[in-house]
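Following: one structure in structure tokens, then a few remarks.
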Protein chains: 2
Amino acid sequence: MVAGPLPAPSGPGKDRLRLWIRLLRASRTIEAELRERLKKEFNTTLPRFDVMAALYRAPEGMLMSDLSRFLLVSNGNVTGIVDRLVSEGLVARARRNGDRRTSMVRLTEEGTQAFATIAAAHEGWIGELLGKVSEDDARRLTGMLTSFRSNWEGRE
Amino acid sequence: MVAGPLPAPSGPGKDRLRLWIRLLRASRTIEAELRERLKKEFNTTLPRFDVMAALYRAPEGMLMSDLSRFLLVSNGNVTGIVDRLVSEGLVARARRNGDRRTSMVRLTEEGTQAFATIAAAHEGWIGELLGKVSEDDARRLTGMLTSFRSNWEGRE
DNA sequence: ATATGAAACTTTAAGCTTGAAATAATTCAC
DNA sequence: GTGAATTATTTCAAGCTTAAAGTTTCATAT
């Protein structure tokens, strides 16, 4: 999967395979770097950051199922991450009157402050790690990725 | 991190942030789909597939450290995955005469056959999932990703 | 020869991840 | 209104992942 150098395959369809391999290697490389910095600088993790980022954009809160759908991870996964964030005082669950199966999850005041700091650093890191990509290329690449995704997404 | 729809941020540097988010969402979406199919069709996992793919390209075998470097994962990680592949008879470790710290890891006959089958299906899936990307765009995107990566890689 | 350090690998603890099974609450058909 | 599906969430087992600590082996400088 994460193939790299070596006997460059050729033939029909190989271009897409190569694209996928590059895509995967690029995101894994960046992810690894972010994970390391989040740990070193803020003693946190990428999954926690993802959850907080989602909640930061939704001051009114999110349901667990909204979170898992948005983050593209399983339900049970989110449960665990939120549990940990709650125990750290960064996130709170609020039972709802309407539907007692659900609970609104939101950042605490402390969580909001903490996230703002981390997010600023994060944006700087991305700027650094993708620094060699021109703003122009960035926009072009983004466009390609967006359209490709919307094409096959929502199949099943 | 995996932000998506909603209040499109703007400002300097935001284009690269947006690019990163798209990149991550694209690869996670495809990865999830591949993982699911590997499980359903072949009862295996993405990490096992990755290791087997690496070994398939190296009939003479690879050291554990080669594997972990190539796959961009930690040493301990590879140990576990290889352990499982060995217990399934798909991979073999061979002690070396020269250096008794190391062992050459390679696919067994059974592993080679199994991988060939899975790899064929895998390539088809990629063709399907990235089908809407023209071969031309695929090559262009690949080029962009390659150059961006080689730029900041090998920093530390 | 022998310490000293480096290298290759494994082990461990903690956390992330999934898919499936279990719980609980709601909705809907009758 | 009762029972049957549906929905939201949690729990669970198995496996993946990392960073750090530990083991064994090798290289090298005395």
Glu60(A) meets the side chain to side chain donor-acceptor pair (under 3.5 Å) criterion, sequence neighbours left out, with none
Rounded to whole Å, the CZ-P distance (Arg100(B) to dT10(C)) equals 16 Å
Could you give the side-chain donor-acceptor pairs of residues 39-47 of chain A under 3.5 Å, partners two or more places apart or in another chain?
| unit_1 | atom_1 | unit_2 | atom_2 | d |
| --- | --- | --- | --- | --- |
| Thr45(A) | OG1 | Arg48(A) | N | 3.3 |

When rounded to whole Å, the CG to P distance for the pair Asn43(B) and dA20(C) reads 11 Å
note: Arg37(B), atom CZ; dT18(C), atom C1'; distance rounded to Å ~ 18 Å
In whole angstroms, the gap separating P of dG15(C) from CD1 of Ile81(A) amounts to 12 Å
Leu85(B) CG to dG15(D) P, in whole Å, measures 12 Å
Glu110(A) meets the side chain to side chain donor-acceptor pair (under 3.5 Å) criterion, sequence neighbours left out, with none
Protein-proximity profile, nucleotides 7-14 of chain D, B/S/- by nucleotide at the 4.0 Å heavy-atom cutoff, equals BSBBB---
In whole angstroms, the gap separating C1' of dT17(D) from CZ of Arg35(B) amounts to 13 Å
When rounded to whole Å, the CG to C1' distance for the pair Leu38(B) and dT17(C) reads 16 Å
Quick note, ring-ring contact (aromatic ring centres under 6.0 Å, His included) partners involving residues 72-96 of chain B, not counting sequence neighbours, are none
*Is there a donor in the side chain of Arg96(A) and an acceptor in the side chain of Thr102(A), or the other way round, less than 3.5 Å apart?*
yes
Heavy-atom nearest nucleotide on DNA chain C taken for Ala32(B) and for Pro47(A); more 5' hit belongs to Pro47(A)
For Arg139(B), the salt bridge (Lys or Arg N to Asp or Glu O under 4.0 Å) test, sequence neighbours excluded, returns Asp15(A), Asp136(B)
When rounded to whole Å, the CG to C1' distance for the pair Leu67(B) and dT17(D) reads 16 Å
